[in-house]
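Since the structure comes first, as structure tokens, the remarks are kept for the end.
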Amino acid sequence: MERQPNPERWDDETLIDYEIAASDAQDRPINDAAARMIASQWHNGQASAMYSFVSTGEITPEFVYELGDTLASIEEPERRQHLRALVDYVYDRDEITAVEGWSRLWLKQPDDQVDDWADHDLDNCPACGSHVAEPHANGCPLDEAMFDE
């Protein structure tokens, strides 16, 4: 089966939402790439601790403070969801030191993730959440109709 390119590319917000939904469904924190992407959207410039986290992956007390301060300043629930996922990630991560290769992390488009999730025993599509025995949700980029057989 040869894959066809996905004509619909997801924006960063959608990629992050997808990873948060997948992490919730699998009862795990978001992955490193999602943590980096969220922080990249909320840092306050190169001098900020959050920017340092985006660059190195190091979790410093200053970063934790800045993250908490940023979360406290946001009132809209939909905007807080990403930051809350980042807070959960920070508190779950064992290592707080810089991570080699961190600056190259970014979430992949769903069509690039097919091989990553296809080998796992998942009950639901990681993109649309539909059970594997049911048709994909309308517009799901992982719908089998998007692949040549």
Side-chain angles (χ1 to χ4, degrees), residues 1-130 132 136 139-144 146-147:
M1 173 168 36
E2 183 179 322
R3 285 194 298 161
Q4 295 297 314
N6 181 355
E8 181 180 330
R9 304 296 284 179
W10 290 4
D11 62 15
D12 290 349
E13 294 291 320
T14 304
L15 287 169
I16 293 168
D17 289 341
Y18 158 74
E19 171 56 21
I20 290 172
S23 69
D24 288 346
Q26 297 168 12
D27 196 28
R28 62 167 173 80
I30 58 173
N31 64 28
D32 294 342
R36 181 172 183 268
M37 286 178 69
I38 293 167
S40 74
Q41 295 178 334
W42 290 96
H43 71 77
N44 293 317
Q46 291 182 341
S48 71
M50 199 170 303
Y51 184 89
S52 179
F53 173 78
V54 170
S55 299
T56 67
E58 182 176 13
I59 299 173
T60 62
E62 295 81 12
F63 166 67
V64 173
Y65 176 78
E66 185 177 333
L67 177 57
D69 193 42
T70 302
L71 180 60
S73 70
I74 304 302
E75 293 182 18
E76 301 87 12
E78 59 276 356
R79 296 185 69 209
R80 294 175 59 92
Q81 180 187 22
H82 290 188
L83 289 170
R84 285 179 195 247
L86 182 55
V87 168
D88 292 344
Y89 167 87
V90 167
Y91 285 106
D92 190 72
R93 199 169 107 184
D94 294 330
E95 291 293 321
I96 62 170
T97 58
V99 177
E100 186 174 337
W102 183 265
S103 64
R104 293 186 303 273
L105 294 177
W106 207 256
L107 289 173
K108 297 176 184 176
Q109 292 292 320
D111 58 336
D112 296 335
Q113 293 181 10
V114 170
D115 293 333
D116 294 341
W117 69 266
D119 295 330
H120 299 286
D121 184 23
L122 297 176
D123 291 332
N124 299 312
C125 171
C128 69
S130 296
V132 293
H136 287 263
C140 176
L142 298 180
D143 188 339
E144 289 185 32
M146 300 195 66
F147 302 98

message: I'd like to check His82 versus Glu13 (side-chain heavy atoms, cut-off strictly below 4.5 Å). Are they in contact?
response: yes
task: Over all heavy atoms of both residues, which pair between Leu71 and Arg84 is shortest? Give the atoms and the distance, please.
output: CD1-CG, 4.0 Å
field: Ile30 CD1 to Tyr18 OH distance, which is reported to the nearest 0.5 Å
entry: 14.0 Å
query: Judged by modelled atom types alone, do Tyr89 and Asn31 share a side-chain donor-acceptor pair under 3.5 Å?
result: no
query: At what distance, to the nearest 0.5 angstrom, does CD1 of Ile38 lie from OG1 of Thr70?
result: 12.5 Å
statement: Minimal heavy-atom distance between Arg36 and Leu105, with the atoms involved, is NH1-O, 2.8 Å
Over all atoms of both residues, closest heavy-atom pair of Glu19 and Ala34: CG-CB, 3.5 Å
- prompt: Cation-pi between Arg93 and Trp102: NZ/CZ under 6.0 Å from ring centre and within 45° of the ring axis?
  reply: yes
query: If only atom types and distance count, is the side chain of Gln109 paired as donor or acceptor with the main-chain N or O of Trp10 below 3.5 Å?
result: yes
- request: Report the C-alpha distance between Thr14 and Asp17 in whole Å, list the side-chain angles of each, state the deciding distance to 0.1 Å, and finish with yes or no for side chain to side chain donor-acceptor pair (under 3.5 Å).
  value: CA-CA 5 Å; Thr14 304; Asp17 289 341; 5.3 Å; no
task: With rounding to the nearest 0.5 Å, note down the distance linking CD in Glu58 to CD in Glu95.
output: 11.5 Å
- prompt: Are any side-chain N or O atoms of Glu66 and backbone N or O atoms of Met50, one a donor and one an acceptor, separated by less than 3.5 Å?
  reply: yes
message: So which atom in Arg79 and which in Ile74 form the shortest heavy-atom distance, rounded to 0.1 Å?
response: CB-CG2, 3.7 Å
message: Heavy-atom count check: over 12 atoms from other residues, nucleotides or ligands less than 6.0 Å from Glu76 CD?
response: yes
- prompt: Between atom OG1 of Thr60 and atom CZ of Phe53, what is the distance when rounded to the nearest 0.5 Å?
  reply: 9.5 Å
query: Which value, rounded to the nearest 0.5 Å, describes the distance between Ser40 atom OG and Ile16 atom CD1?
result: 6.5 Å
query: Checking Arg80 side chain against Glu75 main chain: does a donor-acceptor pair fall under 3.5 Å?
result: no
field: Atom of Ser55, atom of Ser103 and distance for their closest heavy-atom approach
entry: O-CB, 3.7 Å
message: As an exercise, state the distance from CD1 of Ile59 to CG of Leu67, rounded to the nearest 0.5 Å.
response: 9.5 Å
